[in-house]
Amino acid sequence: QRKKGTIAGVSSLADAFGVPRSAAYTSSKRAVSHILQSARIELAESGVKIITVKPGFVKTKMTESNKFKMPMIIEATQAAEIIFQGIEKGKSTISFPFLAKFFIGFAKFFPECLLSRIINSQGRKR
């Protein structure tokens, strides 16, 4: 009704591809990303801005219980600052940390058989 505002939804860099033992998590994050993208398109003319936040690993109570390696993990305060800056800059998607975002984006171009091998080899190191 106000024809303005911002909605920020949290997805994850994990929405990029399926990972063993994380099917529910990665697929739900993929769904969140698509819902936010659809809402962004639908509301483009309304004045309501939709932002997708896609963090990598962030140190929280939830990640404390993870029993696997979490590369490039960052502190929650650092994540909050990145999100705040992204909102201030008017970004539609806020993905971080940069290196994780870069590697995941690059990996999307790998053939499925190679990507599966890489993911499986990481899973065995847990």
Side-chain angles (χ1 to χ4, degrees):
Q1 288 177 330
R2 294 183 308 166
K3 306 243 188 247
K4 64 179 182 176
T6 302
I7 298 170
V10 180
S11 178
S12 172
L13 289 177
D15 75 345
F17 27 75
V19 178
R21 296 173 299 281
S22 296
Y25 183 80
T26 58
S27 60
S28 67
K29 292 304 183 178
R30 183 69 166 185
V32 168
S33 294
H34 282 226
I35 290 166
L36 293 167
Q37 182 180 33
S38 295
R40 184 178 304 112
I41 294 165
E42 288 176 28
L43 298 172
E45 303 296 317
S46 73
V48 177
K49 178 137 180 90
I50 305 294
I51 300 170
T52 304
V53 180
K54 298 170 94 174
F57 292 112
V58 177
K59 270 189 189 176
T60 64
K61 290 278 186 194
M62 186 176 93
T63 58
E64 281 178 8
S65 64
N66 288 350
K67 305 223 184 311
F68 54 87
K69 186 177 177 183
M70 294 177 283
M72 299 175 238
I73 191 166
I74 65 171
E75 296 291 333
T77 53
Q78 185 182 3
E81 185 61 33
I82 292 167
I83 294 166
F84 180 77
Q85 289 174 1
I87 292 170
E88 288 287 300
K89 291 178 183 176
K91 291 187 173 187
S92 59
T93 302
I94 303 166
S95 301
F96 60 92
F98 174 78
L99 278 179
K101 174 186 165 182
F102 174 80
F103 286 126
I104 288 171
F106 185 67
K108 287 181 181 180
F109 294 104
F110 291 2
E112 178 72 25
C113 60
L114 177 59
L115 185 58
S116 293
R117 279 187 156 153
I118 292 167
I119 291 170
N120 281 332
S121 73
Q122 293 302 309
R124 284 193 291 272
K125 291 179 184 176
R126 291 182 182 175

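What you see below is based on every heavy atom in this structure, not just the backbone, and it leaves out hydrogens, waters and symmetry mates. In what follows, residues are counted from 1 in the order of the sequence shown.
In this structure a side-chain-to-backbone donor-acceptor pair under 3.5 Å is missing from K108 to A16.
Pairing each heavy atom of V48 with each of K4, the nearest pair is CG2-O, 4.1 Å. The two residues S11 and S33 have their closest heavy-atom pair at OG-OG, 2.6 Å. The two residues I51 and L36 come nearest to each other via the heavy atoms O-CD1, 4.2 Å. Across A24 and S27, no two heavy atoms sit closer than the pair O-OG, 3.3 Å. The two residues S46 and L43 have their closest heavy-atom pair at OG-O, 2.7 Å. V58 approaches A76 most closely through the heavy-atom pair CG1-CA, 3.6 Å.
Ring geometry for F106 versus F110: interplanar angle over 60°, hence perpendicular rather than tilted (30 to 60°).
Tested against D15 for a side-chain hydrogen bond (donor to acceptor under 3.5 Å, both in side chains), the candidates R30, K29, K54 yield a single pass: K54.
If you take CZ on F57 and CG on L13, they are separated by 9.5 Å, rounding to the nearest 0.5 Å. Distance check: F98 CZ to M72 CE gives 11.0 Å after rounding to the nearest 0.5 Å. Considering NZ of K101 and CD1 of I94, their distance stands at 10.5 Å, rounded to 0.5 Å.
For K59, the salt bridge (Lys or Arg N to Asp or Glu O under 4.0 Å) partners are E75, not counting sequence neighbours. Partners of E81 according to the salt bridge (Lys or Arg N to Asp or Glu O under 4.0 Å) rule, which considers only residues two or more places apart in sequence or in another chain, do not exist here. Contacts of T26 classified as side-chain contact (heavy atoms from CB on, under 4.5 Å), with partners at least two apart in sequence or in another chain: A14, V19, S22.
Counting heavy atoms of neighbouring residues, nucleotides and ligands inside a 6.0 Å radius, atom NZ of K91 does not exceed 12 of them.
Criterion: ILVMFWY side-chain heavy atoms under 4.5 Å apart, direct or through other members. Under it, I87 and I50 are not part of a common hydrophobic cluster. F103 and I73 fall into different hydrophobic clusters, where Ile, Leu, Val, Met, Phe, Trp and Tyr are joined by side-chain heavy atoms under 4.5 Å apart, directly or via other members. L114 and F17 fall within the same hydrophobic cluster, defined by Ile, Leu, Val, Met, Phe, Trp and Tyr side-chain heavy atoms under 4.5 Å apart, directly or through other members. Cluster membership for I104 and L115, using ILVMFWY side-chain heavy atoms within less than 4.5 angstrom, is shared.
Side-chain contact between I82 and I74 is present, with heavy atoms from C-beta onward closer than 4.5 Å.
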